[in-house]
Every structure is written in structure tokens, then in C-alpha cells.
Amino acid sequence: MRYTVPTPTSVDELLQRANRLTGQSFAQLAKIANLHMPNDLKKDKGWVGMMLEQHLGASAGSKPLQDFPDLGVELKTLPVDEQGQPLETTFVCVAPLLNTSGLNWLNSNVRNKLSCVLWIPIDGRRAVPLAKRVVGQPFLWRPTNEQEQALQSDWEEHMDRIALGEVESITARQGEFLQIRPKAADGSALTEAVGPNGQMIQVRPRGFYLKKTFTRAILEQVFNAV
DNA sequence: GTCTGATCATGT
DNA sequence: ACATGATCAGAC
């Protein structure tokens, strides 16, 4: 029997539900959801995210949509260390490599996903057994004008390179806050892209990720506010 | 293959 | 020590 909760019908309801998860251990939450409790995340990298989706009633699926489309809210876990600092970059979405001419920041998938995020900090310390790690304090976030401008600037820089057939020259060092890195099942996954001379080439699929400096600033903005 | 959910683990 | 590039699992 799968554990399901109804999709929240308001942001308030979602936040109330999320707040109830604060301080609960992964073992407790896995038991409630009838989920197998892995020993670590080596072969279950998305386990915490999937589990929290179930507890919050996120519309499951592999569609490139927000987790709560009716509320316009995206759910993201954020693994942090003992000092509350992000331990990992944050995957946003796949980077489009083909037919990019009609794309702009305003209609981009990155902007859509990041326009309103329910961040859930989670204990990411590898030294702590997964079952004993706990959920942190969730919070709803919308980018400030400054943050959005910075993201737009990075996004446009990346998309210019992709459109110019330079996807293979993009490294994770580019972009101040938004980077592009491989995103694939393994080294054999290939997809089409535009090459240096305008020809079709096969490349590793790429994804947009938020650098830790960006998510660190969000955490500071929220938890160290006056 | 596409997308979702991400973290791993090696190079520097 | 830490970020980059690589990889893991599952739905479709």
C-alpha cells in the first residue's frame, strides 16, 4: 500500500504540512510512508526528495512542470552540513540544446522553476546514518529582483553559447550562480545539439544547477535576517 | 531516448 | 578540501 496525501489546495496548506515535517527523522518519515529505508544515498540519490514529495502530496510524475502546478510552487530539498551550509549544488532542469531560437528568460524553464520554491533544508551529513538525519525548517522563497537579474544574466550567457554551437566548450566554471553540467544516467547517454559549424552533434545531456554560493545566500537571507 | 529526484567520487 | 564531471534509480 502506497502512502499518499491529497494535493494541497493552497500555499498555506502546503506550508502547514511542510512545517509539520520539521525535526522529524528520515526513519520516522520513511515508516509513515511505507518506504524502504536505504543505508545511504549512494544508489538512492533522490530518495529524500521523493519521500518528501509523498509527504507533501506533490503531483508525482516526470513532467517538466513545477511540483505543485496549481500553486505555482516548486519543491527542492537542500542538503546542509552542521553549520547549515549547502553541501551540494541544486539541480534546476535540463538545458535545451536544440531549437533554442524562440527561448528567452521570461519563458524559460529555469525561471519558471525558480519563480517560487519551497526549500526544505535537510541534514546532509554523510557521517550521520541516513535514518537518523532530520528535516530542517522549510521556507517559501521567491527570487529578489537582484537575484533574478543575476540568474537571467547567467542563463543568457549559457544559452548564447548553446545557440552558437559552443555547448561542448561550456564548463561548470562559467556562470556566476547558474552553471551547466552533465546530467545523464551514465556516460553512454547522448542527445543532439548544434556543433561549431552549425551541424548536428551528439553530446552528453546537460542540466542547469544553482551554485552553492547562491543557495548559501538564500539560507542567510532567510535564517540570519535581522 | 526523455524527464523527474539528486549525490557521488575523483581530479585538482 | 572542494567543485567538476560522472553517475544512480525510476517513470514513461
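As the structure is a computational prediction, the values presented were derived from the model and not from experiment. Convention: sequence-line order gives letters A, B, ...; per-chain numbering from 1.
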Report yes if a donor N or O on one partner sits less than 3.5 Å from an acceptor N or O on the other, where the partners are the side chain of K45(A) and the base of dT7(C); otherwise report no.
yes
Report yes if a side-chain nitrogen or oxygen of Q179(A) is closer than 4.0 Å to either non-bridging phosphate oxygen (OP1 or OP2) of dA3(C); otherwise report no.
no
Heavy atoms under 4.0 Å, any strand shown: does A184(A) hit a base, just sugar-phosphate, or nothing?
base
If I take atom CZ in residue R181(A) and atom P in nucleotide dG11(B), what distance separates them, rounded to the nearest angstrom?
17 Å
Want to settle it: does Q174(A) or D44(A) sit nearer the 5' end of DNA chain C, counting the closest nucleotide to each?
Q174(A)
Earlier contact from the 5' end, DNA chain B, for D40(A) and P205(A)
P205(A)
So what does T213(A) hit on the nucleic acid, given a heavy-atom distance under 4.0 Å: a base, only sugar-phosphate, or nothing?
nothing
Would you classify L87(A) as touching base, sugar-phosphate or nothing, given that sugar-phosphate means primed atoms plus P, OP1 and OP2, and contacts are heavy atoms under 4.0 Å?
nothing
Given side chains that start at C-beta, do those of K211(A) and L178(A) come closer than 4.5 Å, heavy atoms only?
no
With a 3.5 Å cut-off and heavy atoms only, can you find an N or O donor on one side and an acceptor on the other between the side chain of R204(A) and the base of dT4(C)?
no
Between P of dA9(C) and CE of M37(A), the distance in whole Å:
16 Å
Spacing of M51(A) atom CE relative to dA6(B) atom P, expressed in whole Å:
11 Å
If you assign each of Q66(A) and R126(A) to its closest nucleotide in DNA chain B, which residue comes earlier from the 5' end?
Q66(A)
Determine whether any donor atom in the side chain of K42(A) lies under 3.5 Å from an acceptor atom in the base of dT7(C), or the reverse, and answer yes or no.
no
Look at the side chain of K183(A) and the base of dG5(B), then say whether one donor and one acceptor between them are separated by less than 3.5 Å.
yes
Under 3.5 Å, side chain of D44(A) to main-chain N/O of W47(A), donor-acceptor pair present?
no
Separation of dG5(B) C1' from D67(A) CG (nearest whole Å)
9 Å
Enclosure of M50(A) CE (heavy-atom neighbours >12, cutoff 6.0 Å)
no
Length of the CG-C1' vector between L35(A) and dG10(C), whole Å:
13 Å
Scan G46(A) against the nucleic acid and name what it touches under 4.0 Å (heavy atoms): base, sugar-phosphate only, or nothing.
base
Using a heavy-atom cut-off of 4.0 Å across all strands, would you classify E74(A) as base, sugar-phosphate, or nothing?
sugar-phosphate
Result for 5'-nearest mapping on DNA chain C, choosing between D186(A) and T89(A), is T89(A)
Do the side chains of V134(A) and I122(A) get nearer than 4.5 Å, heavy atoms only?
no
How close or far is atom P of dT2(B) from atom CZ of R206(A), stated in whole angstroms?
13 Å
Pick base, sugar-phosphate or nothing for K212(A), based on heavy-atom distances below 4.0 Å to the nucleic acid.
sugar-phosphate
In whole angstroms, how far is the P atom of dC8(C) from the CZ atom of F91(A)?
17 Å
Do Y209(A) and dA3(C) share a donor-acceptor pair, side chain to base, under 3.5 Å?
no
Would you call the rings of H55(A) and Y3(A) parallel, tilted or perpendicular, taking 30° and 60° as the class edges?
tilted
Within the structure provided, determine whether L140(A) and V117(A) are in side-chain contact (heavy-atom separation under 4.5 Å).
no
Rounded to whole angstroms, how far apart are CG on L178(A) and P on dA3(C)?
16 Å
